[in-house]
Amino acid sequence: MSENRPRIGVLALQGDVREHLAALREAGADAVGVRRPAELDDVQGLVIPGGESTTIDKLTKIFELREPLLKRISEGLPVYGSCAGMIMLADEIRDIAPGQESLGGLDIVVRRNAFGRQVESFETDLDVQGLDGGPFRAVFIRAPWVEAVGPDVEVLASVATEAGERAVAVRQGNLLATSFHPEISGDHRVHRLFAEMVVATQ
Ligand SMILES: NC(=O)CC[C@H](N)C(=O)O
């Protein structure tokens, strides 16, 4: 790690990997793609990007990353999951696909595609706890929401839905997750928050 530039990986199997690499670099991290176990060994934090959680799940198994990921998460590796990445970190998934598994670690129940189908993707201004400087423009794309959280989970942001308030940003220890995609908003405050979490563990 050079000075305060943490080395953060982006799980580079599927999804918007490039956008996260760019956002992390702008947030002050050394960002690298992670596709092999040896590359995972080499990072101090990891982003699991948005994409399709069923595909990311399958590819982590094919690329023999599932076991190393489970091990590092259990050892306290800081991980930030966005959208499909949030689903990968959830202990329980509703509307799960046949055979789908998460990595888990975050004591939350998420519902996949909770906000509706692709055409129902939307943007909104969110107040996110821990982010200074006003509301965050959050982009939701076939996003999950959080239906239940365990006692150690902090809810950082919620949205009002027809079903009531639903959490869309949560943190539990070294694990951070958002239903939305901060990597495409041009606002790097979520990535900066994660980089600070990674630095704090060193
Ligand atoms: N933008 C996203 O990451 C969408 C997540 C996708 N609906 C899933 O279930 O994985």
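Predicted model, so just to flag it, every value in this text is computed and none were measured. Just follow the structure's listing: the first ligand is 1, and inside any ligand the first atom is 1.
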If the plane angle is over 60° it's perpendicular, under 30° parallel, otherwise tilted; pick one for His191 and Tyr80. perpendicular
To the nearest 0.5 Å, what is the distance between CZ on Phe180 and OG1 on Thr124? 10.5 Å
Applying a 4.0 Å heavy-atom criterion (strictly less than), which segment of Arg142 is in contact with ligand 1: side chain, backbone, both, or neither? both
Please list, in number order, the atoms of ligand 1 under 4.0 Å from a heavy atom of Gly50. 3 (O)
Under a 4.0 Å N-O cut-off, is there an ion pair linking Arg94 with Glu92? yes
Check whether any side-chain N or O of Glu101 sits under 3.5 Å from a backbone N or O of Asp57 as a donor-acceptor pair, and report yes or no. no
What atoms of ligand 1 come closer than 4.0 angstrom to any heavy atom of Ser53? 8 (C), 9 (O), 10 (O)
To which protein heavy atom is atom 7 (N) of ligand 1 closest, and what is the distance rounded to 0.1 Å? Asn113 OD1, 2.5 Å
Can you find a pair of side-chain heavy atoms, one from Leu11 and one from Ile56, that are under 4.5 Å apart? yes
Flag Ser82 as yes when one of its N or O atoms lies below 3.5 Å from any N or O atom of ligand 1, and as no otherwise. no
Name the one of Arg112, Arg142, Arg111 that satisfies salt bridge (charged side-chain N to carboxylate O under 4.0 Å, His left out) with Asp95? Arg111
Which residue and non-hydrogen atom of the protein lie closest to atom 9 (O) of ligand 1, and at what distance in Å? Arg112 NE, 2.9 Å
If you measure from each non-hydrogen atom of Ile87 to ligand 1, which part falls under 4.0 Å: side chain, backbone, both or neither? side chain
Among all protein non-hydrogen atoms, which one is nearest to atom 5 (C) of ligand 1, and what is the separation to 0.1 Å? Gly51 O, 3.4 Å
Could you tell me the residue and atom name of the protein heavy atom closest to atom 2 (C) of ligand 1, and the distance to it rounded to 0.1 Å? Cys83 SG, 2.7 Å
For atom CZ of Arg35, is the number of surrounding heavy atoms from other residues, nucleotides or ligands below 6.0 Å larger than 12? no
